[in-house]
Novice: 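For reference, the structure I am asking about is given below.
One-based numbering, in listed order, for ligands and for the atoms of each. Since the model is a prediction, treat every value here as computed from it, not as a measurement.
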Amino acid sequence: MKKIISAAQTRATDSFTITKEGISSIDLMERASKRFVECFLELYPAVSSVCVFAGTGNNGGDGLAIARLLQRNGVDAQAYLVKYADSLSADCKSNFDRLDNCVVLKEGDHTGVNCELIIDAIFGSGLNRPVEGWLADLFDDINRSDVPVVSVDVPSGLFADSSGHGAVIRADDTITFQRPKRSFFVPETGRFTGKWHCVDIGLNEAFIEGQESDFYLIEASDVGLPKREKFSHKGNFGKVQLLAGSYGKMGAAILCAKAIMRSGAGLLTVHIPREGYTAMQVSVPEAMVTVDEGGEFISNPVVQSDASAICIGPGLGVNESTVHGLLQFLRSVEKPLVLDADALNILAQNPLLLKELPSKTVLTPHVGEFHRLFGECKDGFERLERAQQAAKKYDLVIVLKGAHTAVVDSERVVFNNTGNAGMATGGSGDVLAGIITALLGQGMAASEAALSGVYLHGLAGDYAAKKVGEVSLMASDLLESLPYSIDNVRKKKII
Ligand SMILES: NC(=O)C1=CN([C@@H]2O[C@H](COP(=O)(O)OP(=O)(O)OC[C@H]3O[C@@H](n4cnc5c(N)ncnc54)[C@H](O)[C@@H]3O)[C@@H](O)[C@H]2O)[C@@H](O)CC1
Ligand SMILES: Nc1ncnc2c1ncn2[C@@H]1O[C@H](COP(=O)(O)OP(=O)(O)O)[C@@H](O)[C@H]1O
Ligand SMILES: [K+]
């Protein structure tokens, strides 16, 4: 797990590395620029001409060094110094002096972009006010050019730690140094980075990990999976209960049930409305079924006394009898629990129940469900703050779903970086709820099950997207890729 630090902490890390490791800041800049170029040439191996827009700070210094290094690699790299300040930072000046033919752009100057790709090194993590005026016009020109834009460290104009911004470069790729920045994980700001890639520039890792921060990034090595011993039997892998489905939404229950079985659960019993019986038995013969007295909706959910984990919610509906039954159920349950979809909507209508939930209950809301539960938030940063408060107050694990799902518990916020936009499709969330419940049922702690589940689910999505593409990806494809995702993580073979 890697700590995500603020811009100020990054500056402190730069200074610490410079002092502790006896490397000069200009050499550190050169190293960062080299790492950028290596990553860049892997992404765009065939590129022959680029325009580099460099500012007058250290981000600009990187840009000018990058232009020089690309020229050495045979790329026709034309640098433009965007002179928003009269003087250049010392390291920017050194790199300016080392470069021939750098065009200086000032207010009022125009440039027609005539290259295959733009590198944006105008502002980095030193941005201290929103970008406006002639710089905003320049950003607009860059954003409207029809060539790819690759940003250095941060898309220019984007703050590393907060959401208010002026003009911002809209990058196709961002090659960022040492750690992704906090704003990359939040929808309002993360949309500017395109795909981000993090390169190691050799900043002092121990210093970074020693900084105060609640934010982390999950890595493959953090994913825990229960061991399958040679003489193990199904009783060793948990008894999971799933309460799900209603007329017209049995698919959610089936997807979730399949995900539970695919994630290693020993035994699964699903509790569903009577009319879903045949569909469930035919689709998931591995699962045992108990039928509710309600034909189209669950009205009498009963806790399975020997269950090791329970999931309730996928496709449940919000019929009055279901609401009544669920409230009774939640008041009596004392098991490791995952609440998803309509269970969250019902909970939102009855918020007093939040403090009666078993400790470490896992809630898996998407943004809409989160707002219903805990109130509207002005942006993703406020949402994370609210999630942290709720996780602490009610002792919950909140899986706030999105492009970078955040697993929030009373101690930290852990972001996920697997998955893709192909997963924005009905049923993906049901699969996630199933994976987390299966891991919980096999004895994993709630936060660990949530983290591992989110990572494996996203990785399954990435494998599925390679096979069928993001557009065609359906939730069933996640179920087909899940075995490879689990197996590769187990064998430490992430591809
Ligand atoms: N040793 C280091 O410090 C390293 C820094 N690196 C690079 O340095 C960058 C940070 O450099 P800096 O701290 O110089 O910051 P920037 O290069 O982002 O520039 C900040 C400068 O822009 C001005 N400014 C900020 N917002 C403005 C606005 N809206 N309009 C006009 N002017 C504005 C500031 O007053 C300051 O002079 C990182 O993003 C990274 O690219 C890398 O070279 C790695 C090593
Ligand atoms: N743009 C995206 N990038 C990565 N993952 C995504 C994206 N959009 C959605 N997902 C993932 O897909 C799942 C969608 O869940 P949810 O909205 O509950 O869907 P449903 O209710 O249809 O099952 C979540 O795990 C979410 O993180
Ligand atoms: K930049």
Novice: So how far is it from Cys256 SG to Ile435 CD1, rounded to the nearest 0.5 Å?
Specialist: 9.5 Å
Novice: Do any N or O atoms from the side chain of Thr405 and from the backbone of Gly402 form a donor-acceptor pair under 3.5 angstrom?
Specialist: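 Pair found, side chain donor or acceptor close to backbone of Gly402.
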Novice: Are Glu107 and Lys83 packed together at the side-chain level, in the sense that at least one heavy-atom pair is separated by less than 4.5 angstrom?
Specialist: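 With C-beta onward as the side chain, the pair stays apart.
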Novice: Between Asp462 and Lys466, does any NZ, NE, NH1 or NH2 come within less than 4.0 Å of an OD or OE carboxylate oxygen?
Specialist: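 A salt bridge is absent here (no side-chain N lies under 4.0 Å from a carboxylate O).
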Novice: Does any N/O atom on Met29 come nearer than 3.5 Å to any N/O atom on ligand 1?
Specialist: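 No.
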Novice: Select one of side chain, backbone, both or neither to describe which atoms of Thr364 lie under 4.0 Å from any atom of ligand 2, heavy atoms only.
Specialist: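 For Thr364, there is no contact with ligand 2 at all, from either part.
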Novice: Using distance alone, decide if ligand 2 has a nitrogen or oxygen within less than 3.5 Å of any nitrogen or oxygen in Lys401.
Specialist: yes
Novice: State, with a plain yes or no, whether a side-chain heavy atom of Asp153 is found less than 4.5 Å away from one of Ile175.
Specialist: no
Novice: Heavy-atom contacts with Thr405 under 4.0 Å: which atoms of ligand 2 show up? List them by number with element.
Specialist: 27 (O)
Novice: Which of the atoms of ligand 2 are close to Leu432, meaning less than 4.0 Å from one of its heavy atoms?
Specialist: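 Ligand 2 atoms under the 4.0 Å threshold to Leu432: 25 (O).
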Novice: Under 4.0 Å between a Lys/Arg side-chain N and an Asp/Glu carboxylate O for Asp340 and Lys401?
Specialist: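 Yes, Asp340 and Lys401 are salt-bridged.
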Novice: In the structure I gave you, are the side-chain heavy atoms of Tyr463 and Glu480 within less than 4.5 Å of one another anywhere?
Specialist: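 Counting from C-beta outward, Tyr463 and Glu480 never come under 4.5 Å.
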Novice: Mind telling me whether Phe53 and Tyr80 have parallel, tilted or perpendicular rings, with 30° and 60° as the class edges?
Specialist: parallel
Novice: Quick one: nearest non-hydrogen protein atom to atom 29 (N) of ligand 1, plus distance?
Specialist: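 For atom 29 (N) of ligand 1, the nearest protein heavy atom comes out as Arg129 O, 2.7 Å.
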Novice: According to the interplanar angle, ranging from 0 to 90°, do the rings of Phe184 and Trp196 count as parallel (below 30°), tilted (30 to 60°) or perpendicular (above 60°)?
Specialist: tilted
Novice: Do you know which N/O/S atom name in Asp120 is closest to the K ion (ligand 3)?
Specialist: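 Distance check against the K ion (ligand 3) picks out O in Asp120.
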Novice: Of all the atoms in ligand 1, which lie at a distance below 4.0 Å from a heavy atom belonging to Gly124?
Specialist: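 Matching atoms, with element in brackets: 16 (P), 17 (O), 18 (O), 39 (O).
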Novice: Keeping the roles fixed (side chain from Arg386, backbone from Gly375), state whether a donor-acceptor pair exists under 3.5 Å.
Specialist: yes
Novice: Judged by modelled atom types alone, do Ser24 and Asp27 share a side-chain donor-acceptor pair under 3.5 Å?
Specialist: yes
Novice: Just to be sure I'm reading this right: ignoring hydrogens, which of Ala341, Pro187, Ser428 gets closest to atom 13 (C) of ligand 2? Compare them by their nearest heavy atoms.
Specialist: Ser428
Novice: Less than 4.5 Å apart, side chain to side chain, heavy atoms only: is that true for Phe177 and Phe36?
Specialist: yes
Novice: Any donor-acceptor pair under 3.5 Å linking the side chain of Asp200 with the backbone of Gly202?
Specialist: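 A pair under 3.5 Å: yes.
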Novice: Quick one, Asp140 with Arg144, criterion salt bridge (charged side-chain N to carboxylate O under 4.0 Å, His left out). Give me CA distance, side-chain angles, the key distance, then yes/no.
Specialist: CA-CA 6 Å; Asp140 211 31; Arg144 272 191 289 171; 3.0 Å; yes
Novice: Can you check whether a protein heavy atom sits less than 4.0 angstrom from atom 26 (N) of ligand 1?
Specialist: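 Within 4.0 Å of atom 26 (N) of ligand 1, protein heavy atoms are found.
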Novice: Can you find a pair of side-chain heavy atoms, one from Ser485 and one from Asn488, that are under 4.5 Å apart?
Specialist: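 Contact flag for Ser485/Asn488 side chains = no.
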Novice: If you have a sec, work out which protein heavy atom is nearest atom 10 (C) of ligand 1 and how many Å separate them, to one decimal?
Specialist: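 I find the closest protein heavy atom is Ser125 OG, 3.7 Å.
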Novice: Just let me know how Tyr84 lines up against ligand 1, side chain, backbone, both or neither, with a heavy-atom cut-off below 4.0 Å.
Specialist: side chain
Novice: How far is atom 9 (C) of ligand 1 from its nearest protein heavy atom, and which residue and atom is that?
Specialist: Asn59 N, 3.6 Å
Novice: Is it true that atom CD of Gln349 has more than 12 heavy atoms of other residues, nucleotides or ligands lying nearer than 6.0 Å?
Specialist: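 No, not enclosed.
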Novice: Give the atom numbers and elements of ligand 1 that come within less than 4.0 Å of a heavy atom of Asp14.
Specialist: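 Once the distances to Asp14 are compared, the set is 1 (N), 2 (C), 3 (O), 4 (C), 5 (C).
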Novice: Within the structure provided, determine whether Lys258 and Leu482 are in side-chain contact (heavy-atom separation under 4.5 Å).
Specialist: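 Not in contact.
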Novice: Classify the angle between the aromatic ring planes of Phe215 and Phe415 as parallel (below 30°), tilted (30 to 60°) or perpendicular (above 60°).
Specialist: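 Phe215 and Phe415: parallel rings.
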Novice: Run the numbers for me: atoms of ligand 1, each under 4.0 Å from some heavy atom of Phe177, listed by number.
Specialist: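 In order of number, 41 (O).
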Novice: Which residue from Gly422, Ala421, Gly427 reaches closest to atom 22 (O) of ligand 2 through any of its heavy atoms?
Specialist: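 It is Gly427 whose heavy atom sits nearest to atom 22 (O) of ligand 2.
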Novice: Tell me which one of Leu28, Asn128, Thr176 gets a heavy atom nearest to atom 45 (C) of ligand 1.
Specialist: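 That would be Leu28.
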Novice: So for ligand 2, is Gly402 a polar contact partner (N or O within less than 3.5 Å, distance only)?
Specialist: yes
Novice: Can you find an N or O of Gly126 that's nearer than 3.5 Å to an N or O of ligand 1?
Specialist: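 Looking only at distances, the answer is yes, because the N/O contact criterion of under 3.5 Å is met.
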Novice: Starting from atom 33 (C) of ligand 1, which protein heavy atom do you reach first, and at what distance in Å?
Specialist: Phe123 CE2, 3.3 Å
Novice: Give the numbers and elements of all ligand 1 atoms closer than 4.0 Å to a heavy atom of Asp62.
Specialist: 6 (N), 7 (C), 40 (C), 41 (O), 42 (C), 43 (O)
Novice: Quick one: does ligand 1 sit under 4.0 Å from the side chain of Asp153, the backbone, both or neither, non-hydrogen atoms only?
Specialist: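 Just the side chain.
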Novice: Short list, please: which atoms of ligand 2 are under 4.0 Å from a heavy atom of Thr425?
Specialist: 22 (O)
Novice: Below 3.5 Å, N or O to N or O, backbone or side chain included: is there any such pair between Ser25 and ligand 1?
Specialist: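 Not met; the criterion fails.
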Novice: Examine ligand 1 and decide if any of its atoms is less than 4.0 Å from a heavy atom belonging to Ala85.
Specialist: no
Novice: Heavy-atom contacts under 4.0 Å between Ala121 and ligand 1: side chain, backbone, both, or neither?
Specialist: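 It is neither part, as no heavy atom is under 4.0 Å.
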Novice: Quick one: which ligand 2 atoms are inside 4.0 Å of a heavy atom on His366?
Specialist: 17 (O), 18 (O)
Novice: Which protein non-hydrogen atom lies closest to atom 8 (O) of ligand 1, naming both residue and atom, and how far is it?
Specialist: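 For atom 8 (O) of ligand 1, the nearest protein heavy atom is Asn58 CB, 3.1 Å.
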Novice: Any heavy atom of Pro130 sitting closer than 4.0 Å to ligand 1?
Specialist: yes
Novice: Return a yes/no value: protein heavy atom under 4.0 Å from atom 36 (C) of ligand 1?
Specialist: no
Novice: With heavy-atom distances below 4.0 Å as the criterion, list the atoms of ligand 2 near Ala424.
Specialist: 8 (N), 9 (C)
